[in-house]
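The first residue in the sequence is number 1, and the count goes up from there.
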Amino acid sequence: MFPIAHYIKGIAKNLFNPHISIFAIVSANAQVDKTACIYRGVKAKRVSIGAYTYVAAHTEIENARIGKFCSIADHCRIGMGAHTLKGLSTSPLFTQKKRSGCQVMWTETNVNDKPLEENTVQIGNDVWSRFTCTN
């Protein structure tokens, strides 16, 4: 339920912003400057996007801070899922407290329960991104 409700709130929040495409999916917890441009097919969750930055079509951004005057090309993937390197393994068996595909649970905490600052991708000001970018 979390993603659907968040995206519905995001659509309502950004409905009257002419700089965000009605075909973009921007969650309610995204902070997008009123001068930033978000094109169709963009998915943005837990992001901050600075002034005069544009995000081209079909880009996915999660857990990221993007500065001012940036140019993010189409089809980029920025800051997707987190994988800790401090544990025994990066396998979901060790990073998610829900039952895995193997029907076992070996941890009591989720990697994503950590503060977002630990897993946030930082993109400075006046950056041009044209390749797939992940953390």
Side-chain angles (χ1 to χ4, degrees):
M1 177 171 162
F2 164 76
I4 294 171
H6 241 40
Y7 288 123
I8 290 171
K9 286 180 185 177
I11 289 168
K13 174 182 163 186
N14 299 306
L15 187 61
F16 299 105
N17 184 341
H19 297 282
I20 298 177
S21 170
I22 60 169
F23 300 109
I25 301 172
V26 180
S27 74
N29 58 14
Q31 298 174 338
V32 180
D33 188 271
K34 65 183 178 179
T35 61
C37 291
I38 308 296
Y39 290 82
R40 70 182 313 131
V42 169
K43 294 178 185 174
K45 180 170 70 171
R46 291 188 302 238
V47 299
S48 171
I49 299 174
Y52 301 101
T53 288
Y54 78 84
V55 181
H58 307 291
T59 290
E60 294 182 53
I61 308 170
E62 185 175 333
N63 288 345
R65 286 196 182 110
I66 300 174
K68 301 173 184 176
F69 303 101
C70 292
S71 303
I72 308 298
D74 59 340
H75 295 89
C76 280
R77 298 186 75 211
I78 301 171
M80 302 317 285
H83 291 274
T84 183
L85 300 178
K86 297 177 183 175
L88 182 61
S89 170
T90 59
S91 167
L93 287 172
F94 300 97
T95 61
Q96 297 175 359
K97 64 182 176 183
K98 66 179 184 178
R99 292 202 182 275
S100 70
C102 300
Q103 297 302 312
V104 294
M105 183 176 66
W106 292 2
T107 184
E108 294 298 320
T109 60
N110 277 331
V111 167
N112 293 330
D113 287 345
K114 294 180 182 176
L116 291 177
E117 277 65 37
E118 254 184 68
N119 300 321
T120 301
V121 172
Q122 305 280 339
I123 297 178
N125 297 316
D126 198 22
V127 174
W128 175 41
S129 170
R130 66 183 183 105
F131 298 107
T132 298
C133 310
T134 59
N135 62 349

From CG (D33) to CG (N17), nearest 0.5 Å: 9.5 Å
Examine the side chains of N63 and R46 and answer whether a donor and an acceptor come within less than 3.5 Å of each other. yes
What are the two closest heavy atoms between A36 and H19, and how far apart are they? O-CB, 2.9 Å
Relative to the ring of Y39, is the ring of Y54 parallel (under 30°), tilted (30 to 60°) or perpendicular (over 60°)? perpendicular
Using a 3.5 Å distance criterion without hydrogens, assess whether the side chain of S71 forms a donor-acceptor pair with backbone atoms of W128. no
Measuring from I38:CD1 to I25:CD1, what's the distance to the nearest 0.5 Å? 13.0 Å
By the definition side chain to side chain contact (heavy atoms under 4.5 Å, CB included), identify the one residue from N125, I49, D126, V127 that meets it with C70. V127
I'd like to know if the side chain of S21 and the backbone of G41 have a donor-acceptor N/O pair within less than 3.5 Å. no
For A64, is there any backbone N or O sitting under 3.5 Å from a side-chain donor or acceptor partner on T120? no
Within this structure, what is the NZ-CD1 distance for the pair K68 and I123, rounded to the nearest 0.5 Å? 16.0 Å
About how many Å separate CD1 of I61 and OG of S48, when rounded to the nearest 0.5 Å? 10.5 Å
Would you say V42 ends up clustered with V121 if hydrophobic residues are merged whenever their side chains have heavy atoms under 4.5 Å apart, either directly or through other cluster members? yes
Min side-chain heavy-atom separation H58-D74 under 4.5 Å: no
Within this structure, what is the CD1-CD distance for the pair I78 and E60, rounded to the nearest 0.5 Å? 10.5 Å
